[in-house]
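For reference, the structure is listed below as structure tokens.
Every chain is numbered from 1, with letters handed out A, B, ... down the list of sequences. Note that the structure is a prediction, hence the values are computed from the model and not measured.
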Amino acid sequence: MRKLSEERTKLLFEKLSLYIGGNVKMLIDRPDGLYCFREKKERVYYVSEKILSLAESVSPDNMISLGICFGKFTKSNKFLLHITALTYLAPYAQFKIWVKPSMEQQFLYGHHVLKSGLGRITENTPKYQGVVVLSMADVPLGFGKAAKSTAECKHADPLTIVCFHEADIGEYVRSEETLL
Amino acid sequence: MGRKAKFAEEVVQKKGPGRKSRKQKDPEIPKVEGNGVTKRLSSNQKKRMKKRAMKVQEVVDKKNAQAEKRKLLNLKIKEQQASKKMEPKDGALKVLKAPPSKAPKPLQASNGKVKKPVQYHSSSEDESDEETAESDQDSSEEENSKGFTDDNSSWLKPVSKKLPAKILSSKDESDEEEEEEEEDDDDDDDDDDGSDELEEEEGDGEELEEEEEEEDDDDDMGEEEESDGGEEEESEDDSEGNENSSPVLKKGKKESVSVQSLDMDSDDSDEDNDDYGSDSEEAAESKDDESDEDMLPIEKKAKKLKKKQEKDDKLAEEELQLNIASQDVFAFPTEEEIKKPKDLQDVQQRIKDVITVLNDYKRLHQDGRSRSEYTDLLRQDLCTYYSYNDFLMEKLMQVFQLSDLLEFLEASEVQRPLTIRVNSLKARRKDVAQALINRGVNLDPLGKWTKVGLVVYSSQVPIGATPEYLAGHYIIQGASSMLPVMALAPKENERILDMASAPGGKASHIAAAMKNTGVLFANDANKDRTKAVVGNFHRLGVVNSVITCYDGRKIPNVIQGFDRVLLDAPCTGTGVVSKDPSVKTNKDETDIQRCCTLQRELLLAAIDCLNARSSSGGYLVYSTCSVLVEENEWVIDYALKKRAVRLVPTGLDFGTEGFTKFRHLRFHPSLNLTRRFYPHTHNMDGFFVAKLQKLSNTIPKTLSSDGTEGEVSVDNSDEENNDSKKSEKSKKKDKKKKPAQQESQNGKSPNSSPTKNDNKKVKKEKKKNGKNTTSSTIINEQSPSLSPGVDKQKQGVSVTKQKTKLKNKAKKVKSPGNKMSKSQSPGGKKKRNSNSVSSDVSTGKSPNKKLRK
């Protein structure tokens with residue numbers, strides 16, 4: 001359990017800002033106390049300082065997880081967001097895609113979002129913008145990258161991909177063992 | 001009405017039983033009127049037909065003549081025999097003399113065919129006539145065969161099948177005949193044949209041509225039937241003759257007719273008699289159905305079958321009663337029977353019997369059989385029937401009364417209903433229920449006692465893979481698993497520990513109750529199972545958790561000072577047999593021994609983790625999914641003796657009370673505050689919930705209770721010490737002095753002997769510590785950065801003061817003897833504790849260095 005190096009902090013925040021933009025600040029400056037990012041075994045955990053202080057006494061070997069795991073640094077030193085980060089991404093997301101009920105299930109099985117399943121999309125979504133995918137009932141289902149900008153989406157073929165799949169909540173069932 | 005009448009009559013027709021044919025009959029009426037078919041015949045055809053008819057008629061006439069002769073003979077004989085019975089004849093005469101409107105009636109055929117009158121009324125003949133003719137032929141055949149039995153009519157009393165009234169009348173009472181003739185067409189038929197025959201003799205010549213013209217088919221039939229029997233034709237001609245014969249003729253022959261009608265009556269009766277005789281063999285069983293002839297063979301068979309069934313039922317009932325009678329007194333089975341039971345039903349019956357015997361042993365037991373023999377037999381049978389092993393069944397029999405035992409075993413065979421708990425962090429129950437109902441799930445609120453439970457009756461979709469589930473709106477959790485958390489009643493901003501948390505159902509429930517505030521430590525000893533905890537926590541959005549993988553017994557060495565602790569101890573699982581039937585067979589004495597040892601250790605460790613001076617808590621909930629006393633009450637009783645804890649009400653308003661006495665064991669009377677839940681009474685898994693409060697001298701109430709508790713007070717002081725340690729520890733944590741903590745905690749464990757090394761530092765500690773502060777831990781939590789040294793000092797002082805108080809009290813209260821030794825120990829322990837504190841302080845910086853390294 002250690003603080004992130006500056007380099008890695010930068011990587012992390014760059015990644016996060018892709019999805020929640022300026023709201024990254026909201027993660028750090030919180031009214032309910034100090035929250036911090038901690039790295040353990042390449043995984044990045046976001047946790048309240050209070051909890052962190054209590055968890056200090058737990059030996060690293062016995063520590064499984066604390067707070068919320070945002071993702072991990074890959075071997076090539078990139079940051080990979082996990083689906084577990086959705087807890088914090090969804091409320092702060094700037095660009096969102098709503099999928100129709102027919103597409104819902106497909107997305108939860110790891111498929112990209114097609115134009116035919118696109119219910120709504122945030123105005124002015126640029127291409128390759130990180131987006132949070134929600135169902136029409138505003139239940140966050142995962143996140144991905146916009147494959148088309150909003151304008152392009154309007155004229156796209158029904159079978160074109162409008163959002164690349166990155167993570168979905170189906171992983172909680174599909175890959176519980178390798179969630180972290 | 002005529003139409004209706006026709007319908008009713010046509011039901012009797014042999015041809016075209018189907019509805020369609022009946023419907024198709026109606027259009028026949030125009031046909032009859034038109035007679036188109038006959039008219040279209042060519043002249044040659046007509047001639048041929050006339051010839052044919054002539055021939056037929058001749059033959060018929062001859063036969064008729066013969067028949068007449070026979071009948072006359074019969075009549076004479078009959079008259080001689082029945083000379084006494086003049087009345088009927090008179091009656092018949094009267095009938096015949098009745099107004100002409102009635103005259104046509106007696107002309108009708110004797111066979112009692114219902115159709116005939118209708119045919120008479122219809123002016124012409126058609127296919128329906130043919131049919132009737134056919135039927136007439138049949139009946140006439142019968143007549144022929146039975147004609148010679150006329151004599152019997154006088155004395156034979158037939159049990160008629162078709163027309164009982166008619167037969168009666170024909171035999172005895174002509175008066176009745178009159179009435180019947182007037183009333184019923186059927187009865188009138190009796191007389192017809194006789195008259196017809198006469199008429200035919202006379203009017204045949206006239207009739208012939210007309211008949212032939214009108215009835216081509218009939219004639220053909222006649223020809224065919226000639227070979228069969230002479231008199232068949234009669235009946236055919238009857239109908240025609242009746243129509244054609246003028247009323248004058250009939251009037252002229254009234255007398256003869258009357259005589260003949262009488263004859264025919266007798267004939268009829270004979271017929272009936274004969275019929276009865278012939279049928280008697282078949283109908284002997286089915287005398288009651290008068291309309292046997294009307295019934296189809298299938299119907300007859302059905303009736304027979306019904307009777308057979310009735311008989312069988314009766315026999316079966318008798319047998320049953322016999323059986324019951326035989327079972328009234330239960331005979332103890334022989335050893336062979338015990339060893340080799342016939343089948344499971346046999347065993348089940350024996351179980352019931354033995355239970356009834358045991359319930360009223362004095363009255364029902366066999367001489368020379370002790371109660372234990374019966375219970376042994378019952379246990380064996382239950383083992384075989386429910387496939388438990390002998391040991392577990394014995395344990396269960398000790399726990400349950402006999403009546404409950406069966407219900408429990410039976411309920412353990414059935415799955416409990418699937419229940420889900422709504423995650424109040426992410427969704428409301430109303431919304432989740434609506435969303436699931438939209439997905440085709442049939443559910444209901446679980447009960448009044450929970451606001452987050454839903455019970456799922458049926459589902460079209462896998463309940464564990466809906467988008468709502470994946471989004472963490474609910475979790476699949478047994479109803480019983482919600483009870484311990486409800487008993488724990490977590491509050492916001494508390495520090496709570498779940499000692500055995502996997503797969504995280506209860507722990508996430510706690511987090512939801514805390515509304516994601518405070519800190520939740522979710523521990524599980526199994527590293528693989530912690531993955532499930534991780535998954536569930538992230539899915540359910542629990543952000544205030546620390547998931548660890550420790551042996552629960554070592555947790556007090558790692559961290560203490562929790563406001564509440566939930567210990568859902570590993571157990572034998574005798575309450576969840578329906579979930580895991582392997583429990584039935586793979587548990588034995590050693591398993592249970594191991595389990596309860598582990599549970600005791602865990603419970604003590606959990607109590608040690610608890611912060612008794614927590615403003616809101618200091619509570620511990622101990623739960624198991626077992627029903628055995630060894631794993632529940634006994635463990636709690638052990639903890640009551642070993643630690644300064646007391647039982648408090650669980651806050652669950654249902655469930656049965658825990659045992660305060662069990663066989664030879666006598667538990668603390670407050671164990672009635674614990675709650676047991678059974679599958680057969682509460683329809684949830686077998687469960688045990690006990691809520692303990694850790695006592696501390698910072699709370700005056702508990703102190704006094706400590707004093708009264710006797711033995712416990714000794715431990716109490718230890719725990720108080722522990723509390724102080726905890727608070728100190730929390731400070732230390734801030735400073736990251738882990739190793740020191742562990743040392744101190746090890747030292748604290750009540751049973752361990754005090755370390756001499758630390759003794760020196762005790763006095764220093766006492767001096768250092770300032771005045772009493774009650775809520776030091778809270779201060780620590782809230783303001784970890786605030787000068788820890790001062791806090792420590794204060795706490796230390798408070799601790800020492802309390803200790804001295806305690807000492808005094810303990811001395812007063814405690815009785816001499818075994819307890820004295822314990823009462824002496826607190827002093828040492830106190831020292832120890834203070835020592836540990838001091839050691840912490842003294843070694844404070846070194847662990848930090850280690851960590852940083």
Open item on the list: Less than 4.5 Å to any heavy atom of chain B: does that hold for the side chain of A:Glu104, its backbone, both, or neither?
Closed with: side chain

Open item on the list: Checking the side chain of A:Tyr172 only, and the main-chain atoms of B:His538 only, is there a donor and an acceptor separated by less than 3.5 Å?
Closed with: yes

Task: Closest approach of B:Ala471 to A:Ile169 (non-hydrogen atoms, all atoms of both residues) - done: N-CD1, 3.4 Å

Open item on the list: I need the residue from B:Ile547, B:Thr466, B:Thr517 with the largest number of non-hydrogen atom pairs under 4.5 Å to chain A.
Closed with: B:Ile547

Task: Portion of B:Tyr469 that has a non-hydrogen atom of chain A nearer than 4.5 angstrom - done: side chain

Task: Which atoms of A:Leu108 approach chain B - backbone, side chain, both or neither, heavy atom under 4.5 Å - done: side chain

Task: Region of B:Val533 that comes under 4.5 Å of a non-hydrogen atom in chain A - done: neither

TODO: Heavy atoms only: give me the nearest A:Thr87-B:Gly541 pair and the separation to one decimal.
DONE: CG2-CA, 4.1 Å

Open item on the list: What's the separation between atom CD1 in B:Ile555 and atom OG in A:Ser57, rounded to the nearest 0.5 Å?
Closed with: 10.5 Å

Task: Which portion of A:Tyr88 sits near chain B, non-hydrogen atoms under 4.5 angstrom - done: side chain

Task: Heavy atoms from other residues, nucleotides or ligands near NZ of A:Lys127 exceed 12 (cutoff 6.0 Å) - done: yes

Task: Pick from B:Gly535, B:Ala435, B:Ala465, B:Pro467 with the largest number of heavy-atom pairs that fall under 4.5 Å of chain A - done: B:Pro467

Task: Distance (rounded to the nearest 0.5 Å) between B:Asn516 CG and A:Ser48 OG - done: 11.0 Å

Open item on the list: Surrounding CZ of B:Arg428 (heavy atoms of other residues, nucleotides or ligands, distance under 6.0 Å), is the total greater than 12?
Closed with: no

Open item on the list: I need the B:Asn544 CG to A:Lys50 NZ distance, nearest 0.5 Å.
Closed with: 9.5 Å

Task: Toward chain A: residues of residues 518-532 of chain B with heavy atoms under 4.5 Å - done: B:Gly518, B:Val519, B:Phe521, B:Lys527, B:Thr530, B:Lys531, B:Ala532

Open item on the list: Report which part of A:Glu171 has an atom under 4.5 Å of a heavy atom belonging to chain B: side chain, backbone, both, or neither.
Closed with: neither

Open item on the list: Counting only heavy atoms from other residues, nucleotides and ligands, does the tally under 6.0 Å from CE of A:Met136 exceed 12?
Closed with: yes

TODO: Using a heavy-atom cutoff of under 4.5 Å, enumerate the residues of residues 61-79 of chain A that contact chain B, numbered in order, or state 'none'.
DONE: A:Asp61, A:Asn62, A:Met63, A:Ile64, A:Ser65, A:Leu66, A:Gly67, A:Ile68, A:Cys69

Open item on the list: Is any side-chain heavy atom of A:Val58 closer than 4.5 Å to one of B:Tyr550?
Closed with: yes

